[in-house]
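A short worksheet on the structure shown next.
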Amino acid sequence: MAVERTFAIIKPDAVKKKVAGQILARIEASGLEILAMKKIQLSEQGAKGFYAVHKARPFFADLVQFMTSGPVVALVLEGEGAIKKWRDLMGPTNSQQAPKGTLRGDFGTDVEQNATHGSDAPETARLEISYFFNASEICAVTEALPA
Ligand code: CMP
């Protein structure tokens, strides 16, 4: 399987519940590598731009309101099949339908407050990573220090 990068967000509901650390621990346990990470408060303009593909949807205004309701943690993840691997860890979009053991099943509430976001395809991942991170902020060196 090809090594891929994907973009992830720990959303305001999960940050507010203080489960960001548990989510990061699951990422590390899964074997996905964290290449970049930052905690930020999205502006209204920033959230609207990020979710522009959904701007005609009836839930768009609520989604923007939610995503700007508190800080988020943005991440670049890398690994074999990282896009699907991260989506499998998250579970289905609607937390009410997400099985226990998935991030959205364990930490989300509903279809909007669903704890995490992940890119759905390689091109989306490239766009989303570049929306949040400069190339210089992405750490491509993953080897451990010598003992
Ligand atoms: P995410 O993976 O961040 O991508 C788009 C987001 O829109 C999705 O997670 C949900 O949080 C949100 N979303 C999708 N469908 C609905 C809906 N029917 N009502 C409210 N929010 C939605």
Side-chain angles (χ1 to χ4, degrees), residues 1-135 137-140 142:
M1 207 182 292
V3 173
E4 293 174 331
R5 289 183 182 180
T6 193
F7 175 71
I9 299 178
I10 303 175
K11 294 190 179 185
D13 57 329
V15 173
K16 218 166 282 177
K17 283 183 195 167
K18 309 278 186 201
V19 295
Q22 291 185 58
I23 293 173
L24 293 171
R26 288 202 199 179
I27 291 170
E28 292 191 319
S30 78
L32 286 168
E33 199 73 44
I34 297 171
L35 299 192
M37 171 163 62
K38 58 183 162 191
K39 184 175 183 178
I40 48 170
Q41 169 66 51
L42 273 173
S43 66
E44 184 181 330
Q45 192 188 351
K48 281 182 171 167
F50 180 70
Y51 280 120
V53 67
H54 295 303
K55 67 173 185 278
R57 301 286 193 93
F59 58 80
F60 183 66
D62 281 350
L63 177 61
V64 169
Q65 210 278 326
F66 165 59
M67 290 300 290
T68 57
S69 67
V72 301
V73 178
L75 298 146
V76 178
L77 307 178
E78 185 177 78
E80 286 197 3
I83 293 170
K84 181 175 186 309
K85 195 167 191 173
W86 173 236
R87 291 178 73 80
D88 288 347
L89 279 177
M90 290 194 297
T93 303
N94 189 340
S95 285
Q96 288 175 358
Q97 289 157 13
K100 288 291 164 204
T102 66
L103 295 171
R104 285 165 166 167
D106 291 348
F107 302 125
T109 305
D110 54 29
V111 72
E112 180 181 272
Q113 300 202 17
N114 62 354
T116 53
H117 165 84
S119 309
D120 59 6
E123 185 51 28
T124 329
R126 268 188 290 279
L127 283 170
E128 293 183 347
I129 289 169
S130 66
Y131 195 81
F132 279 84
F133 292 97
N134 298 320
E137 295 174 305
I138 299 171
C139 182
T142 57

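Remember, it's 1-based here, ligands and their atoms both numbered in the order they're listed. What you see is a predicted model, and the numbers here were worked out from it, not measured in a lab. One-based numbering along the sequence shown. Below, all heavy atoms of this structure are taken into account, side chains as well, without hydrogens, waters or symmetry copies.
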Taking the side chain as every heavy atom from C-beta outward, state whether [X] and [Y] have any atom pair closer than 4.5 Å.
X: Ser119; Y: Thr6; answer: yes
X: Trp86; Y: Met90; answer: yes
X: Ile34; Y: Leu77; answer: yes

Sequence neighbours left out, cut at 3.5 Å: what donor-acceptor pairs do the side chains of residues 59-68 make with other protein atoms?
{"from": "Thr68", "atom 1": "OG1", "to": "Val64", "atom 2": "O", "distance (Å)": "2.9"}
{"from": "Thr68", "atom 1": "OG1", "to": "Gln65", "atom 2": "O", "distance (Å)": "3.1"}

Taking only residues at least two apart or on different chains, which pairs with a member in residues 4-43 satisfy ring-ring contact (aromatic ring centres under 6.0 Å, His included)?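 Those involving residues 4-43 are Phe7-Phe50, Phe7-Phe132.
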
Could you please provide the protein residues found below 4.0 Å of ligand 1 on a heavy-atom basis, arranged by chain and number?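 Near ligand 1, by chain and number: Lys11, Tyr51, His54, Phe59, Leu63, Thr93, Arg104, Val111, Glu112, Asn114, His117.
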
Does anything in residues 12-30 form a side-chain hydrogen bond (donor to acceptor under 3.5 Å, both in side chains)? List the pairs, not counting sequence neighbours.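 side-chain hydrogen bond (donor to acceptor under 3.5 Å, both in side chains) check on residues 12-30 returns Arg26-Asp106.
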
